[in-house]
Amino acid sequence: MPPDFDPLAERFWFSAEGLRRIGTLLPPFLLRRRWFAGKAHGLEEVQVADAFCLGPREAGLRLLLLRVRFATGETALFTLPLRLTRGAPPAAVEESDRIGPLSPSSPQILWEATGDPLFARALLELLAEERELLGPLGILRGRSAPFLAEFRASGVLPEETRLVGREQSNSALLFGNRLFFKLYRKVEGGPNPDVEVHERLSGLLGFPHVPRYAGRLDYDPQNGPSTLLGLLTAAVPHRSDAWTLALAEVDGLLRQAEKEPVTDYDPSGAAVPRPDWELLGKRTAEFHLAMASVPEDPAFRPEPLGEQETLLLSEEASVLLRRSFGIQNGSKEPPSGEEGQRLAVLFPRLESAFRRLSMVRPTLHKIRIHGDYHLGQVLVTDDDFVLIDFEGEPERPLAERRRKAIALRDVAGMVRSFHYAALAPIFLSVPANPHRMDRQKVADRWRHQATQSFLDGYYRTAGNAPFLPRGEEARRALLEFFLLEKAVYEVGYERNNRPAWIEIPLRGIEELLATGRKSEENRQP
């Protein structure tokens with residue numbers, strides 16, 4: 001069969017026939033996938049940017065790179081593992097992975113193959129043997145680190161594979177509980193912070209509180225920068241992530257409080273397993289110290305904060321405020337209704353708070369940070385914590401995610417995460433608990449205690465590190481700014497995605513503004 005009509009040939013996907021099939025089958029499929037970022041932008045066109053054969057040709061396994069054009073005019077690159085079968089689905093592939101027949105009369109059916117064990121095994125062999133596959137427009141390269149080389153030297157690679165975390169922005173494969181592979185779904189050319197940090201911390205520095213780096217999957221196009229498609233690390237045995245553990249702790253405290261008067265209740269005496277949040281603060285500071293410890297590498301070398309950079313931070317926060325509160329084109333009229341009135345009251349107070357930062361001139365160094373730090377980015381082992389996911393906020397461009405920043409931005413992200421963990425069980429309970437106010441007092445006590453423990457561990461360990469401002473007052477002011485900025489971002493996110501959650505960031509903003517006002521009053525002569 002000529003390549004233009006043979007779906008097993010890589011060239012098929014670039015032929016007129018292949019383009020027609022792709023244009024018909026993939027748009028509705030992509031719009032159903034949790035990992036497909038860009039649903040709100042209006043999908044205009046899907047094309048294949050490159051295609052690679054994994055495993056035996058007759059197995060019908062392919063890795064496609066899709067170039068998607070949106071109604072906004074923007075384009076983005078996505079990864080899609082495919083399997084072509086005759087009728088029956090591949091093993092471990094669900095009906096929701098069905099893309100459809102190549103044509104109404106064709107017995108050949110396309111499936112997304114991310115969960116297919118055949119794809120997982122072909123992928124691991126590609127990495128372990130450092131193979132290079134030639135596609136029509138580029139090269140797919142597997143790369144291994146010493147940790148994976150140990151498996152290869154033993155002659156035994158994990159046989160059992162499974163797909164974990166289907167409803168995520170990226171896809172993850174677990175190999176025999178020993179290796180963990182993250183397949184990035186929306187990809188961009190250039191150095192990726194996730195692999196940079198893993199290579200630097202676990203590879204060069206031997207930092208023990210991140211997963212060990214094991215390998216990577218790269219795509220090198222004929223024209224353009226190399227693109228990271230996947231990252232392989234050691235699988236971390238853990239009992240939970242810190243978000244789940246925090247929610248369980250809060251739930252346990254609330255249940256206990258129902259059995260005794262709140263006025264007599266002390267969270268510190270709760271008879272539930274309690275994580276050591278002070279230790280998490282210590283590990284966070286150790287992470288920042290490690291990130292600042294390789295001055296010979298320009299990508300990681302700490303840099304002094306410029307005199308005008310706080311002014312820029314203030315301006316960026318003001319832009320974020322207008323966007324999150326729905327104030328566009330110079331208008332200062334937020335959405336109508338009760339929520340709009342609340343935003344209208346907060347808007348000028350936040351503008352003033354952000355302007356105050358422009359007058360602060362802290363002396364510190366910028367470093368590479370996590371960039372998207374919260375309780376869900378931390379695994380809880382039997383007696384410690386492991387930090388994961390260093391790619392930064394996925395919606396931001398790579399260059400921005402690699403930008404050096406102020407370490408307290410990470411600290412603020414974790415403090416806001418404690419706030420969410422405390423209030424989510426209170427304000428999201430259905431039906432509303434009649435004792436909500438009493439429950440909130442208990443949750444607030446937990447939050448303040450957990451936050452203080454975390455900050456104590458962080459500041460004690462970081463000491464006088466150059467990435468922190470000099471003086472307690474400067475630290476307080478800068479942390480308060482990042483907390484407000486994060487809460488403002490959360491307002492916009494919740495308005496667009498989870499309206500029922502908006503009460504959490506709004507309460508956070510109101511509390512922070514009230515605390516800031518008291519601090520100002522205390523400083524006045």
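When reading the values below, keep in mind they use all heavy atoms of this one structure, side chains included, and skip hydrogens, waters and symmetry mates.
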Strictly below 4.0 Å, N to O, side chains only: are [X] and [Y] in salt-bridge contact?
X: E150; Y: R212; value: yes
X: R121; Y: E125; value: no
X: R342; Y: E339; value: no
X: E472; Y: R475; value: no
X: K441; Y: D444; value: no
X: R447; Y: E511; value: yes

May I ask you to test the [X]-[Y] pair for a side-chain heavy-atom distance under 4.5 Å?
X: T363; Y: L305; value: no
X: L201; Y: M291; value: yes
X: F454; Y: V411; value: yes
X: R239; Y: L245; value: yes
X: T161; Y: L124; value: no
X: M414; Y: V378; value: yes
X: H448; Y: T451; value: no
X: E393; Y: E400; value: no

Partner set under ring pair (Phe, Tyr, Trp, His ring centres under 6.0 Å) for F482, not counting sequence neighbours
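For F482 there are no ring pair (Phe, Tyr, Trp, His ring centres under 6.0 Å) partners, ignoring immediate neighbours.
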
Got a sec: does the [atom1] of [X] have more than 12 other heavy atoms crowding it under 6.0 Å?
X: E159; atom1: CD; result: no
X: R361; atom1: CZ; result: yes
X: R498; atom1: CZ; result: yes
X: K282; atom1: NZ; result: no

How far apart are the closest heavy atoms of [X] and [Y], and which atoms are they?
X: L205; Y: S293; value: CD1-OG, 3.6 Å
X: T227; Y: G189; value: OG1-CA, 3.3 Å
X: R368; Y: P193; value: NH2-CB, 3.7 Å
X: P211; Y: A234; value: CB-O, 3.7 Å
X: I502; Y: R495; value: CD1-CG, 3.2 Å
X: S171; Y: L163; value: CB-CD1, 4.4 Å

So, the side chain of [X] versus the backbone of [Y]: is there a donor-acceptor pair under 3.5 Å, distance only?
X: S352; Y: R349; value: no
X: R409; Y: G371; value: no
X: H370; Y: I388; value: yes
X: S318; Y: S314; value: yes
X: E286; Y: T461; value: no
X: T310; Y: V360; value: yes
X: D97; Y: E94; value: yes
X: S324; Y: V488; value: yes
X: K404; Y: R301; value: yes
X: E130; Y: S144; value: yes

Rounded at 0.5 Å granularity, tell me how far [atom1] in [X] sits from [atom2] in [Y].
X: L280; Y: Y458; atom1: CG; atom2: OH; result: 11.5 Å
X: L387; Y: T284; atom1: CG; atom2: OG1; result: 5.5 Å
X: D276; Y: S453; atom1: CG; atom2: OG; result: 7.5 Å
X: E188; Y: R396; atom1: CD; atom2: CZ; result: 13.5 Å
X: S358; Y: L312; atom1: OG; atom2: CG; result: 11.5 Å
X: H238; Y: D384; atom1: NE2; atom2: CG; result: 14.0 Å

What residues form a salt bridge (Lys or Arg N to Asp or Glu O under 4.0 Å) with R200, not counting sequence neighbours?
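Partners of R200 by the salt bridge (Lys or Arg N to Asp or Glu O under 4.0 Å) criterion, ordered by chain and then number, come out as D297.
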
Residues two or more places apart in sequence or in another chain: which of them pass salt bridge (Lys or Arg N to Asp or Glu O under 4.0 Å) with E112?
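E112: salt bridge (Lys or Arg N to Asp or Glu O under 4.0 Å) contacts with R33, R185.
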
Test side-chain contact (heavy atoms from CB on, under 4.5 Å) on L231 and N192 and set out the steps.
CA-CA 10 Å; L231 173 66; N192 186 295; over 6 Å; no

Parallel under 30°, tilted from 30 to 60°, perpendicular over 60°: which one fits the rings of [X] and [Y]?
X: F78; Y: W35; result: tilted
X: F287; Y: Y373; result: parallel
X: F347; Y: F325; result: tilted

Can you give each donor-acceptor pair under 3.5 Å made by side-chain atoms of residues 173-183, sequence neighbours left out, with the distance rounded to 0.1 Å?
unit_1, atom_1, unit_2, atom_2, d
K182, NZ, D194, OD2, 2.8
K182, NZ, D389, OD1, 2.7

All side-chain contact (heavy atoms from CB on, under 4.5 Å) counterparts of D241, not counting sequence neighbours:
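Only W243, T244, L379 meet the side-chain contact (heavy atoms from CB on, under 4.5 Å) criterion with D241.
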
Working note: T233 + F147, criterion side-chain contact (heavy atoms from CB on, under 4.5 Å); need CA distance, chi angles, decisive distance, verdict.
CA-CA 8 Å; T233 66; F147 184 71; over 6 Å; no

Expected list for residues 415-428: side-chain donor-acceptor pairs under 3.5 angstrom, two or more places apart:
unit_1, atom_1, unit_2, atom_2, d
R416, NE, E490, OE1, 3.1
R416, NE, E490, OE2, 3.4
R416, NH1, H419, ND1, 2.4
R416, NH2, E490, OE1, 2.7
S417, OG, L375, N, 3.0
Y420, OH, E494, OE2, 2.7

Can L478 and L364 be said to form a side-chain contact (heavy atoms from CB on, under 4.5 Å), step by step?
CA-CA 11 Å; L478 205 52; L364 56 81; 3.8 Å; yes

Donor-acceptor side-chain pairing of T79 and Y219 below 3.5 angstrom
no

Under the side-chain contact (heavy atoms from CB on, under 4.5 Å) criterion, do V197 and V210 qualify, and how do the steps go?
CA-CA 9 Å; V197 172; V210 300; 5.6 Å; no

Picking from Y459, F207, F467, F300, what satisfies ring pair (Phe, Tyr, Trp, His ring centres under 6.0 Å) with H288?
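So the option named by the test is F467.
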
